[in-house]
Amino acid sequence: MGHVLNNTIQDILVRRARLEGKEVLWLPGTDHAGIATQARVEKELGKENPPRTRYDVGREAFVDMVWEWKNKHGGIIIKQLKRLGCSCDWERERFTMDDVYAPEVARVFTELFKEGLIYRGRRMVNWDPVLRTALSDEEVIMTPTHSKLYTVRYKLSDGSGQLLVSTTRPETIMADVAVAVNPNDPRFAHLIGKTVVRPLCEADIPIIADEHVEIGFGTGALKITPAHDRVDFEVGSKHNLEIIDILTPDAHINCPGCPELHGLDRFVARDKSIELLEAKGLLEKVEDYDNNVGMSERSHVPIEPRLSMQWFLKYPCVKEAAEAVANGDIVFRPAHWAKTYAHWLEGIQDWCISRQLWWGHRIPVWYRKDKAEELQNAPKLDEADAEAGDIYVGVTPPSDPENWLQDEDALDTWFSSWLWPFSTMDEECRKTFYPTSDLVTGPDIIFFWVARMIMAGYRFTGQKPFSNVFFTSIVRDLKGRKMSKSLGNSPDPLDLIAKYGADGLRFGLMRIAPTGTDVKFDEKQIEEGKNFANKIYNAARFRMMQGEASTQPAPKFSAVHIDILSKLKELHGTVADALGKYEFNTYTQALYSFFWNEYCSLFLEAVKNDLRDGDPAFRNATLFTMDTVLRHYLALLAPIMPHIAEELWQSLGFAARTEGKPLMSTPLPSADTLLAGMDETEVSKARALASALYETANRARNLKAEYNLATNKNVRFVLKPTLPVNDDLVGRLALLAGAREASVQADYDAPKGTPTALTPFGELFLPLEGLVDVDAERTRISKELEKINKEISKSNAKLGNASFVDRAPAAVVDQERARLAEWESKKAQLETMLSALG
RNA sequence: GCACGGGUAGCUCAGUGGUAGAGCGGCUGUCUUACACACAGUUGGUCAGGGGUUCAAAUCCCUUCCCGUGUACCA
C-alpha cells in the first residue's frame with residue numbers, strides 16, 4: 001500500500017506537469033535488495049531435499065540462481081505499478097545491477113577509495129548472526145526488551161573478598177578481560193590494581209579504573225568484555241587489554257576452556273552459564289530488567305557487536321547536504337522532517353558498506369595472492385596500500401588476474417541506490433532533467449536513501465539531486481501497525497484494483513493519506529473512490545443520452561449555468577494552487593465536492609427540465625455548459641483518475657477536437673476561456689442568484705420534510721418575494737424542491753398556521769391544504785423556539801460586550817448583528833405560527 | 001533521556017484566532033426516466049485534561065496524560 005500511495009502521488013505530479021505542457025521524465029526502476037533477495041533464495045535452497053546452502057552451490061551458480069529468481073519475481077512491483085496506471089517511461093526501466101549501473105558503482109567506489117574516504121578496517125560492527133553479515137547502524141532497531149540482570153560474585157584472587165558485578169550477558173563472562181570501577185569511587189579505590197578470578201573459564205583478570213563506570217549505577221563494578229560490547233571495546237583499547245572472542249559467526253559459544261558451554265547457542269549458553277555460576281555459589285541475584293536490545297531489521301534477532309574486518313565510508317559532502325536542506329535549496333515536505341535529517345547528519349558515523357553476501361556488487365578490490373593472508377589481517381587498508389601495489393582497486397579486474405584474489409564481500413545495496421538520480425541518466429539526459437524536480441518517498445528511508453542521495457549528488461555531480469522531497473504518509477492497518485510484507489497485513493493492490501478499479505484505489509487512498517501524517521488504512525475508503533468513479537461515469541452517461549448541442553436557437557444562459565461555469569473556473573485555480581503546493585488533500589477534496597455537490601446535486605438537478613420539454617434555447621445552453629464542465633473537469637481529474645478521465649474524454653467526443661489525441665497528451669484547457677465575454681459584476685450577480693435559488697430550494701425541502709411531505713410531489717410553494725424573481729428561477733425552484741409548482745404572489749394572504757420559511761428571495765409558504773397533526777406541530781414549534789431563544793441571548797450577550805463591539809473587526813460585528821436579526825425574525829414567525837395553532 | 005508527529009462525530013480524517021466540517025456508519029423516507037455504488041432528510045462533538053494570553057482559542061503560550069516515530073543509552 002505504501003507503494004500505491006507513493007506512486008499515485010508521483011503519477012499525479014507527472015501527469016499534471018504533462019498537461020501543463022512540460023516535458024517530463026519519470027524513470028522507473030528497482031534495486032536489487034541484497035539481503036532480502038539473497039535470504040529468500042537461500043530459504044528455498046534450505047527447503048530442498050536434502051537441504052542445501054549457498055556454499056554447497058558455490059558462488060557463481062548461486063548468483064545465477066538469484067538472477068533467475070529476480071527475473072521471475074522482480075517484475076511484480078512493476079506490474080502493480082502498470083496496473084495502477086503509473087505513466088512511467090517504461091522503456092527506460094533500470095535496475096541497480098544492470099550492465100550500465102554496476103560499473104558506475106564500482107567507479108564510485110574506486111574514486112572514493114583513491115580519495116581516502118573508503119578504507120578497510122577491523123572495527124566493531126553490527127553483526128547479524130542469522131544472515132552472517134555486518135549491517136549498518138541504520139539497519140539495527142533498538143527494541144525495548146524485558147531482560148534479566150544477573151549479579152555475579154567475582155572473587156578477589158588473594159582471597160580477601162569479592163566484587164559484585166551485574167550483567168545481562170553472563171554467557172560472555174569467558175571473554176571478560178577485566179573488571180572496571182570508577183577511579184573516584186571510594187568503595188573500590190583500594191582494589192584498583194588487584195585481580196579477581198573470572199568466574200567462568202577461570203583466570204585472574206585485573207581490576208582497572210575507568211571514568212566510564214557510573215558510581216551510582218548497579219554495583220559500581222563493570223565487567224569488561226572487549227570482543228562483545230562496543231563500549232567495552234573502547235575501554236579495552238584504552239587500557240590495552242586483550243580481546244577474547246568466544247562467539248562464532250552464527251553466535252555459538254567458541255570456548256574450549258569452558259567445555260560445558262562450548263558449542264552452545266548464545267541463548268542456551270546464557271541459561272547454562274547461570275546454572276554453572278549458581279552451582280559454584282557465585283550467583284548473587286537475578287532481577288527483572290528492561291533494556292534496549294539492538295535487533296536486526298532483516299532477521300529480527302539480536303545483533304552481536306562483533307570485531308570484524310569491513311569496508312567503511314567516511315561520508316562525503318556532509319556539510320553541503322546539511323546546508324542544502326537548512327537553507328531551502330532542497331525543500332522537505334512536511335517541513336518537520338528537516339529537523340530529523342539535520343540531527344542525523346550531526347552525529348553521523350562512518351558507513352559500514354561491506355556485506356558478507358554474494359548477491360550484489362562485489363567489492364572491486366583485489367589482493368596480491370602472495371600477500372593475501374597478511375593483507376586480510378591488516379588493521380587498516382587504504383590508498384597507501386594500493387600505491388604500494390599490494391591491493392588493486394578498479395572498475396575492471398587487474399590485467400593479470402591469476403596473481404590476485406578479489407575481495408569476497410558485496411556492497412550494501414544502498415551504496416548503489418544512493419547514486420540513482422544521476423546514474424540512471426546519460427550525459428544528454430542529464431542536460432535536460434538533472435537536477436530532478438521531485439522525490440516522493442517514505443520517511444522511513446530518510447537516512448538510508450534520501451540523505452545519502454543528497455550527499456552523492458553533491459559529491460559526484462556538484463549539484464543537488466532533486467529540489468523537492470515529499471515524504472508520504474506511512475500506511476498502517478486499523479490496529480496502527482505499519483503495513484508490511486512480513487506482517488502480511490497489507491492487501492494486495494492487484495486485488496483492490498480488481499475490486500474497486502485502479503482509479504478508485506488511487507482516489508480513495510489519496511483522500512485519506514495526502515498530508516504526510518500516518519494514516520490508518522480502511523478498505524471502506526477505497527470503496528468511496530469507486531463510488532466516486534461511478535458517479536462520474538453516470539454523470540457522463542447522462543450527458544451522452546442527450547445528443548448533440550446546437551447553436552440554433554442561440555443558447556440562453558440562466559444564472560445556474562453561469563454559476564457552475566464560474567465555479568469551474570474557480571476549481572481550475574484551486575487545483576493549480578493545491579498541486580503547486582503539494583496539497584493533495586485540497587486537490588482531492590476540491591475535485592470531489594465540485595463534481596458531486598456543485599455539478600451533480602445542484603446544477604444538474606436545476607437544469608433537468610431544460611433537457612426534457614423546456615425552452616430549446618435553454619436546452620442548448622445546458623448542453624453547452626455540460627460539455628464545457630465535463631471537458632475541463634476531466635482534464636483536472638486526469639492526474640488522479642487517469643483511466644476514467646481518458647475513457648470519458650474519448651466517449652464524450654472531446655478527443656475529436658484534437659484529432660483523436662488522448663487527453664494525456666492534450667494541453668490543459670485554459671480557464672481563461674470560461675465566461676470570457678462576461679464582466680465580473682454580471683458573473684457575481686448570477687452566482688448570488690443561483691446561490692439564493694439553491695438556498696431557497698433547501699428551505700423548501702426542509703419545510704416538506706418537517707411536515708413529513710418529503711416525498712410528496714404534489715405540494716406547491718408560494719413565494720412572497722422581497723427580490724425580483726423571474727419565472728426561470730421559480731421554475732427551477734419547483735424542480736429542485738420536488739414540487740408540483742412554485743408561484744410568486746406578492747399579495748399572498750396565507751391561511752393561519754401555514755408553514756413558512758424565510759428564504760433569500762423572501763417568505764416561502766407551503767400551503768398545507770390538508771390535515772396536519774396540530775399537537776405535534778405545537779410541540780415542534782415550541783422546541784424550535786427554545787433553541788432560538790438560546791441563540792438570541794448568546795448573541796445579545798456578545799453584542800452587549802463593549803470590548804467586542806469596539807475591538808472586533810466591523811465585518812465580524814455586522815455579521816453578528818445580522819445573525820441576531822435573523823433569529824429575531826424567525827422567532828416572531830414561529831410565535832405567529834404558534835398562536836395561529838391556538 | 002532527547003527530538004518530532006498526533007489525540008476533533010461511532011469509524012477514517014480535514015480544519016492554525018471570528019457561528020465546529022467531510023465521507024462513511026446510524027436512524028427516517030424514496031426503485032423521483034444519469035447514478036440504490038443513488039436521492040432527500042436526520043442523528044452524532046466540554047475539539048485528551050488543567051491553566052494562561054485575547055473582546056474572541058480546536059487554533060497561540062505553559063503544563064499533565066495517552067498514542068506513534070526517530071534518536072541516544074548504564075553494565
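Letters go in sequence order (proteins before strands), and every chain restarts at 1.
Here A:Asn702 reaches the OP1 or OP2 of B:U42: one of its side-chain N or O atoms lies under 4.0 Å away. Using a 4.0 Å cut-off, no side-chain N or O of A:Tyr341 falls inside it from OP1 or OP2 of B:G70. Dashed line: the shortest gap from a side-chain N or O of A:Lys339 to OP1 or OP2 of B:A3 is not under 4.0 Å. Remark: A:Trp596 is in phosphate contact with B:C39, judged by side-chain N or O atoms under 4.0 Å from OP1 or OP2. An OP1 or OP2 oxygen of B:A38 is reached within less than 4.0 angstrom by a side-chain nitrogen or oxygen of A:Asn531.
Taking atom CG of residue A:Asp232 and atom P of nucleotide B:C73, one finds them 14 Å apart after rounding to whole Å. B:G25 atom P lies 11 Å from atom CD of A:Gln525, rounded to whole Å. A straight line from CG of A:Asn597 to P of B:A38 spans 13 Å, rounded to a whole angstrom. Taking atom CG on A:Leu630 and atom P on B:A34, their separation rounds to 15 Å, with Å as the unit.
Salt-bridge check for A:Arg169 with A:Asp229: failed, with every basic side-chain N at 4.0 Å or more from each acidic carboxylate O. The existence of a salt bridge linking A:Lys238 and A:Glu211 is excluded, since no basic side-chain nitrogen approaches an acidic carboxylate oxygen closer than 4.0 Å. Between A:Arg481 and A:Asp477 a salt bridge is recorded (basic side-chain N to carboxylate O distance below 4.0 Å). Under 4.0 Å is where a charged nitrogen must lie from a carboxylate oxygen, and between A:Arg699 and A:Glu695 at least one such pair does. A salt bridge between A:Asp518 and A:Arg476 is present, with a side-chain N of the basic residue lying under 4.0 Å from a carboxylate O of the acidic one. For the pair A:Asp185 and A:Arg187, the salt-bridge criterion is met [side-chain N within less than 4.0 Å of a carboxylate O].
Residue-level contact check: A:Glu527 touches neither bases nor backbone, having no heavy atom under 4.0 Å from any strand. Within the 4.0 angstrom heavy-atom criterion, no nucleotide atom of any strand lies near A:Phe532. Across all strands shown, A:Lys482 has no heavy atoms under 4.0 Å from either base or sugar-phosphate atoms. Residue contacts for A:Arg169: at a heavy-atom cut-off of 4.0 Å it reaches no nucleic acid atom on any strand shown. Contact annotation for A:Tyr289: backbone-only contact, meaning every heavy-atom pair under 4.0 Å involves sugar-phosphate atoms and none involves a base. Nucleic acid contact class of A:Met544 (heavy atoms, under 4.0 Å, all strands): none. Among the protein residues, A:Val805 comes within range of no part of the nucleic acid, since none of its heavy atoms lies under 4.0 Å from any strand. Within the nucleic acid shown, A:Val165 has no heavy atom closer than 4.0 Å to any nucleic acid atom.
A donor N or O paired with an acceptor N or O is not found under 3.5 Å between the base of B:C11 and the side-chain atoms of A:Asp522.
Atom name P, nucleotides B:G25 and B:G6: the rounded distance is 29 Å, in whole Å. Between B:A40 and B:G5, the distance separating the two P atoms is 41 Å to the nearest Å. Atom P of B:U54 sits at a distance of 35 Å from the matching atom of B:C67, rounded to the whole Å. Between B:G17 and B:G10, the two P atoms lie 27 Å apart (nearest whole Å).
When Watson-Crick and G-U wobble pairs are counted only if both distances are under 3.5 Å, B:A22 pairs with B:U12. The pairing partner recorded for B:C2 is B:G70, the criterion being a Watson-Crick or G-U wobble arrangement whose two distances lie under 3.5 angstrom. Pair assignment for B:C39 gives B:G29, based on Watson-Crick or G-U wobble hydrogen-bonding distances that are each under 3.5 Å. Using N1 to N3 plus N6-O4 or O6-N4 for Watson-Crick, or N1-O2 and O6-N3 for G-U wobble, each under 3.5 Å, B:U59 pairs with nothing. B:G17 makes up no base pair with any nucleotide shown, lacking Watson-Crick or G-U wobble contacts both under 3.5 Å. Using Watson-Crick or G-U wobble geometry with both donor-acceptor distances under 3.5 Å, B:G45 finds no partner in any strand shown.
Minimum atom distance to the side chain of A:Asn538 is reached by B:A34, of the listed B:C73, B:A34, B:G23. Nearest nucleotide to the A:Cys600 side chain, out of B:G41, B:A34, B:C74: B:A34. Between B:G25, B:C74, B:A40, one nucleotide has an atom nearer to the side chain of A:Lys524 than all others, and that is B:G25. The side chain of A:Lys530 lies closest to B:C37 when the candidates are B:C37, B:A34, B:A75. In this structure, of B:C39, B:U69, B:C24, it is B:C24 that holds the atom nearest to the side chain of A:Glu528. Checking B:A38, B:C74, B:A22 against the side-chain heavy atoms of A:Arg511 singles out B:A22 as nearest. Side-chain atoms of A:Asn534 lie closest to B:C35 of the nucleotides B:C35, B:C73, B:A75. The side chain of A:Lys520 approaches B:C13 more closely than any other nucleotide in the set B:C13, B:A34, B:C74. Nearest to the side-chain atoms of A:Lys535 among the listed nucleotides B:A38, B:A40, B:A75 stands B:A38. Here the nucleotide nearest the side chain of A:Asn698, chosen from B:C73, B:G41, B:G18, is B:G41.
The CD1 atom of A:Ile564 sits 6.0 Å away from the CD atom of A:Glu598 when rounded to the nearest 0.5 Å.
Glycosidic conformation of B:G44: syn, with the torsion inside 90° of 0.
The residue from A:Glu523, A:Gln525, A:Glu527 that alone fulfils the side-chain hydrogen bond (donor to acceptor under 3.5 Å, both in side chains) condition with A:Tyr500 is A:Glu523.
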